[in-house]
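Residues: numbered from 1 along the sequence shown.
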Amino acid sequence: MRLAALLAALRPVLPLVLGLSLGCSLSLLRASWSQSGAEDQCLGGIGRPGPLAGGALPEVADGRLGPGHEDFRPRIVPYYRDPNKPYKKVLRTRYIQTELGFHERLFVAVLTSKATLNTLAVAVNKTVAHHFSRLLYFTGLRSAKVPHGMVLVAHGDERPIWLMYETMNYIHQHFGSDYDWFYIMQDDTYAQAEQVKALVTHLSINQDVYLGRAEEFIGGDEQARYCHGGFGYLISRSLLLKLHPHLDSCRNEILSVRPDEWLGRCIIDFLGITCVSQLQGQNYHTYELAKNTEPEKEEEEEFQAALAVHPVSDMTLMYRLHKHFSRIQLDRAYQEIQDLQMQIRNLTSLTPAGEVGLTWPVGINAPFLPKSRFEVISWDYFTEQHLFSCPDGSPKCELLGASKADVSEIIESALEQLNSRYQPLLRFSKRQLLNGYRRFDPTRGMEYTLDLLLEAVTQKGHSHVLAKRVSLVRPLSKVEIIPMPYVTEATRVQLVLPLTVQDLDFVANFLDMFAMNTLDTHDNALLTLLFIYHPYDAQRVSQVDVFAGVKAMVGELEKRYAEVKIPWISVKTEVPSQVKLMDIVSKKHPVDTLFFLASVWTEINMEFLNRCRMNTISNWQVFFPVHFQEFNPALVYRGEQTASSTTDFLRDGHFDRHSFAEACFYNSDYMTARTKLAADILDRDEVLESMEVFDVFLHYSGLHLFRAVEPGLVQKYALRSCNPRLSEELYHRCVLSNLEGLASRSHLAMALFEQEQANST
């Protein structure tokens, strides 16, 4: 009875046990066969090597692989350090792509002249420059003024052959090791930039490529061809490297009038490579324009498929060509979108969700579905004149600038879509925007809902007024990586701390945090104190110095850290203007100094200082962090124990967007902007009292102003003293900062509720 019960219990696992036993047995048998086979092969291979398993070639007696297989055997290079030589730190490259040997894709060179620099070259720059990551203009003699936004290289001689020779030398010297492809064109050439970029992505970089419109030499070899310079030509990096040693010989030995013929003859004579118009299945299509050509009326297939068009006689023709080819590319893109949407509709029925899972618009991500009420994306209401969700928090503001242009464009797009759908039966015209709603969905883009009052006109001329609701989506386009200059975390940061009499109670905490987070950790940061004396206190400084205690603290720090010096600057003023104070500090430091303008309530830490270094780029970007301001603990905790900073990173508080006291910028950028400000205000120094450093950079510099919340910059609660002598805007911002820094709405409501409860009892 027990045996039957045991067998019944083991029956479900019996196949598993048998399978494991059989698998282990077969594994042991295979291992024994493999070992015996290896021993036989080793014994039988002495003196007569044979092929190994899989067709691999055996090793020869010296341990190397057979012919053609030297690169496939891994080698371990042992590390050896000479004890007699001093240790030298290995310097790593700035970018990982440099260490791995990656190159940029395409470099473009445009050959121009002094006569056409301000005409055709400008037209080329406006039509194709924004498509290429690197584009340079080469000329013999430069004009007095270089057009804005163009990088020009002048060789000092207008001779065509000399210009080509110097250009090839310059490209090899400065960009030969950075790019895989080099596209050379003239300023009377219109090139479809996107087509050129697509062409190089389909070509192998391992070949010597000389690709363009192949032309025969006059009276030369019938087999040799050169690439016509008017239609542009493509040269690979490997070809440029091989050609460079022969450029001097070509300049001395080859006589030619045309620079493209000279270059083609140089490549053929010394490298034996001729120009081709087709390579690796890719065609270099070109089209030669006739005189008085109308691009809009050209319907030839050769013209529509042209990658380069030549000759372009004037700027207007260049812009007309660009408009025409842009329209062709746009029509192709719309057609591809329609084809893809049709395929998505056809395949949706085969998915598990079926046709119900088809999103609108087709091909765009579905709207974001919030998981809680805190994730709900709110809609902003607007009309054609006003916006009811304003950046400054006011309930209603005028619709201006980019927002007004956005609303106008959306309404026009809605009418265009309605007319394209219902014409010729109906034709719609807008009378009024009744209601407008928009919101930004990070998963798909900007969404709009419009209630339009329309007038519909039939084919017979009858009109009718109706209200119609339409929904539109402005989808997120292709994400682009914005090129930024390289910065490091090794830059020294110069902290500047302005101090007034009202700040004396907080200086000790600031100096303690500075010593703990920078001096103890040997961070590359220095501190300069700015003592702001009231005129009354300045007269009594010999009897009673209000900053004597602070100076004593600084002396103690300098004794504790012998290598550290903390200088201070004394200033006498009734109105401590941030710009005037910064003027004094700026003159006492080098132009390459990285300033961090701090406040006495700031808690300095290494994490923020590194972000200050990384987010501030000389001659490019300044950084204005939004610090995290703690609420008043008396209102937030109401006698309870406060939260520990180690367990709660962002304690109860908010990001103070009204404060611009903290800033990271380079002294050279400040001096440049300050010079422009001085020329604007002349001798009206009272204007400086209504400005902050942020205003100087905003209005008088072309730099990027990066303003972002900074969780690493935390300030304890303190009631700021707002100087009524400052401008109305600065005083208003200071008061708002104090009011919003008291507590959150829930904390204030609870405090009022408790007070009312106490009063009622």
Colleague: Side-chain donor-acceptor pair under 3.5 Å between H654 and E740, yes or no?
Modeller: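 Note: H654 and E740 side chains miss the donor-acceptor criterion.
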Colleague: For the residue pair Y666 / N619, report whether a side-chain donor-acceptor contact shorter than 3.5 Å exists.
Modeller: no
Colleague: Would E710 and F628 satisfy side-chain contact (heavy atoms from CB on, under 4.5 Å), going step by step from the backbone distance to the final call?
Modeller: CA-CA 7 Å; E710 179 51 65; F628 185 82; over 6 Å; no
Colleague: Roughly how far apart are F596 CZ and T616 OG1, rounded to 0.5 Å?
Modeller: 10.0 Å
Colleague: Taking atom CG of L511 and atom CD1 of I566, what is their separation to the nearest 0.5 Å?
Modeller: 6.5 Å
Colleague: So which heavy atom on K572 is nearest to which on A538, and how close?
Modeller: CD-CB, 3.5 Å
Colleague: Is any side-chain heavy atom of L594 closer than 4.5 Å to one of S618?
Modeller: no
Colleague: State which residue, out of V108, L152, V146, V151, fulfils the side-chain contact (heavy atoms from CB on, under 4.5 Å) condition with Y137.
Modeller: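 When V108, L152, V146, V151 are each tested with Y137, the side-chain contact (heavy atoms from CB on, under 4.5 Å) holds only for L152.
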Colleague: Got a sec: does the NZ of K588 have more than 12 other heavy atoms crowding it under 6.0 Å?
Modeller: no
Colleague: Quick check against the 3.5 Å criterion: does N610 have a side-chain atom that pairs as donor or acceptor with the backbone of E607?
Modeller: no
Colleague: If only atom types and distance count, is the side chain of T518 paired as donor or acceptor with the main-chain N or O of F514 below 3.5 Å?
Modeller: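 Answer holds: yes.
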Colleague: So that I know where these two stand, are F595 and Y670 an aromatic pair - ring centroids less than 6.0 Å apart?
Modeller: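 No: the rings miss the under 6.0 Å criterion.
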Colleague: Does a donor on one side chain sit under 3.5 Å from an acceptor on the other, for S586 and D583?
Modeller: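 Side-chain D/A pair, S586 to D583: absent.
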Colleague: Verify, without hydrogens or angle tests, whether D695 (side chain) and E692 (backbone) share a donor-acceptor contact under 3.5 angstrom.
Modeller: yes
Colleague: Rounded to the nearest 0.5 Å, what's the gap from NE2 on H747 to CG on D652? Could you check?
Modeller: 5.0 Å
Colleague: Are any of the side-chain heavy atoms of Q578 and L730 separated by less than 4.5 Å?
Modeller: no
Colleague: What do you reckon, is NZ of K126 surrounded by more than 12 foreign heavy atoms closer than 6.0 Å?
Modeller: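 12 or below, so no.
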Colleague: By the salt bridge (charged side-chain N to carboxylate O under 4.0 Å, His left out) test, which pairs, at least two apart or in different chains, include something from residues 615-629?
Modeller: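 The answer is none; no pair qualifies.
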Colleague: Is a donor from one side chain sitting under 3.5 angstrom from an acceptor on the other, for S599 and T602?
Modeller: yes
Colleague: Keeping R237 on the side-chain end and G176 on the backbone end, is there a donor-acceptor pair under 3.5 Å?
Modeller: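 Confirmed, R237 side chain pairs with G176 backbone.
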Colleague: State, with a plain yes or no, whether a side-chain heavy atom of L557 is found less than 4.5 Å away from one of R560.
Modeller: yes
Colleague: What I'd like to find out is whether the side chain of T593 reaches to under 4.5 Å of the side chain of P590, using heavy atoms alone.
Modeller: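 T593 reaches P590 side chain to side chain.
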Colleague: Judged by atom type as modelled, is there a donor-acceptor pair below 3.5 Å linking the side chain of D669 to the main-chain atoms of L703?
Modeller: no
Colleague: Give, for atom CD of Q715 and atom CZ of F510, the distance between the pair rounded to the nearest 0.5 Å.
Modeller: 10.0 Å
Colleague: For the residue pair N365 and T443, confirm or rule out a side-chain donor-acceptor distance under 3.5 Å.
Modeller: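 Per modelled atom types, N365 and T443 side chains form no pair under 3.5 Å.
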Colleague: For Y717 and E630, work out which heavy atoms get closest and say how close.
Modeller: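 For Y717 versus E630, the nearest heavy atoms are CB-O, 3.5 Å.
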Colleague: Given 3.5 Å as the limit, does a donor-acceptor pair link the side chain of H732 with the main chain of E728, or not?
Modeller: no
Colleague: Using the rule ring-ring contact (aromatic ring centres under 6.0 Å, His included), only one of F697, F623, W620, F665 pairs with F706; which is it?
Modeller: F623
Colleague: With the threshold set at 4.0 Å, does a side-chain nitrogen-carboxylate oxygen contact exist between D523 and R613?
Modeller: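 Yes.
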Colleague: Which heavy-atom pair separates E558 from V564 by the least distance, and what is that distance?
Modeller: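 Minimum heavy-atom separation between E558 and V564: CG-O, 3.7 Å.
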Colleague: Could you give me the CA-CA distance, side-chain angles and deciding distance for Q494 and V585, then say whether side-chain contact (heavy atoms from CB on, under 4.5 Å) is met?
Modeller: CA-CA 11 Å; Q494 178 66 57; V585 178; over 6 Å; no
Colleague: Surrounding CG of L739 (heavy atoms of other residues, nucleotides or ligands, distance under 6.0 Å), is the total greater than 12?
Modeller: yes
Colleague: Begin from the C-alpha positions of Y561 and D520 and carry the test side-chain contact (heavy atoms from CB on, under 4.5 Å) through to its verdict.
Modeller: CA-CA 9 Å; Y561 305 94; D520 290 343; 2.4 Å; yes
Colleague: Do side-chain atoms of R657 reach the backbone of F655 as a donor and acceptor pair under 3.5 angstrom?
Modeller: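 No: the side chain of R657 does not pair with the backbone of F655.
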Colleague: Got F608 and C664 here, is their nearest side-chain heavy-atom distance under 4.5 Å?
Modeller: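 With C-beta onward as the side chain, the pair touches.
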Colleague: Can you find a heavy atom in the side chain of L527 that is under 4.5 Å from one in the side chain of L529?
Modeller: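 Yes; the side chains approach each other to less than 4.5 Å.
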Colleague: How far apart are the closest heavy atoms of P625 and E662, and which atoms are they?
Modeller: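 That would be CD-O, 3.6 Å.
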Colleague: Output yes when a side-chain donor or acceptor of D441 lies under 3.5 Å from a complementary backbone atom of E447, and no otherwise.
Modeller: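 Not a single qualifying donor-acceptor pair exists.
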Colleague: Using side-chain heavy atoms (C-beta onward) and a distance below 4.5 Å, is N524 in contact with R492?
Modeller: yes
Colleague: Main chain of V714, side chain of Q629: is a donor-acceptor contact present, judged purely on distance under 3.5 Å?
Modeller: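 Between the backbone of V714 and the side chain of Q629 there is no qualifying donor-acceptor contact (under 3.5 Å).
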Colleague: Establish, yes or no, whether the cationic atom of R707 lies under 6.0 Å from the six-membered ring centre of F660 and within 45° of the ring axis.
Modeller: yes
Colleague: Just verifying a value: how many Å separate S570 OG and I532 CD1, rounded to the nearest 0.5 Å?
Modeller: 10.5 Å
Colleague: Angle class for the Y533/F547 ring planes (parallel below 30°, perpendicular above 60°, tilted otherwise)?
Modeller: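 Perpendicular.
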Colleague: Aromatic contact between F175 and F182, with the criterion being ring centroids under 6.0 Å apart: yes or no?
Modeller: no
Colleague: Ignoring hydrogens, what is the shortest heavy-atom contact between M446 and R439? Give both atom names and the distance.
Modeller: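 Heavy atoms of M446 and R439 come nearest at SD-O, 3.2 Å.
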Colleague: Do L698 and L705 pass the side-chain contact (heavy atoms from CB on, under 4.5 Å) test, and can you show the C-alpha distance, the side-chain angles, and the key distance before you say yes or no?
Modeller: CA-CA 7 Å; L698 179 63; L705 269 67; 3.8 Å; yes
Colleague: Is any NZ, NE, NH1 or NH2 atom of the basic residue among D406 and R438 found under 4.0 Å from an Asp or Glu carboxylate oxygen of the other?
Modeller: yes
Colleague: Hey, could you give me the NZ/CD1 distance between K587 and I569, rounded to the nearest 0.5 Å?
Modeller: 11.5 Å
Colleague: Heavy-atom distance under 4.5 Å between the side chains of Y179 and L106, does that happen here?
Modeller: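 Side chain of Y179 against side chain of L106, heavy atoms only: no contact under 4.5 Å found.
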Colleague: I'd like to know whether NE2 of H130 has more than 12 heavy-atom contacts from other residues, nucleotides or ligands below 6.0 angstrom.
Modeller: yes
Colleague: Which heavy-atom pair separates C390 from K396 by the least distance, and what is that distance?
Modeller: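 Of all heavy-atom pairs spanning C390 and K396, the closest is SG-C, 3.4 Å.
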Colleague: Can any side-chain N or O of R444 pair as donor or acceptor with the backbone N or O of I364 at less than 3.5 Å?
Modeller: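 Side chain of R444 to backbone of I364, a donor-acceptor pair under 3.5 Å: no, none is there.
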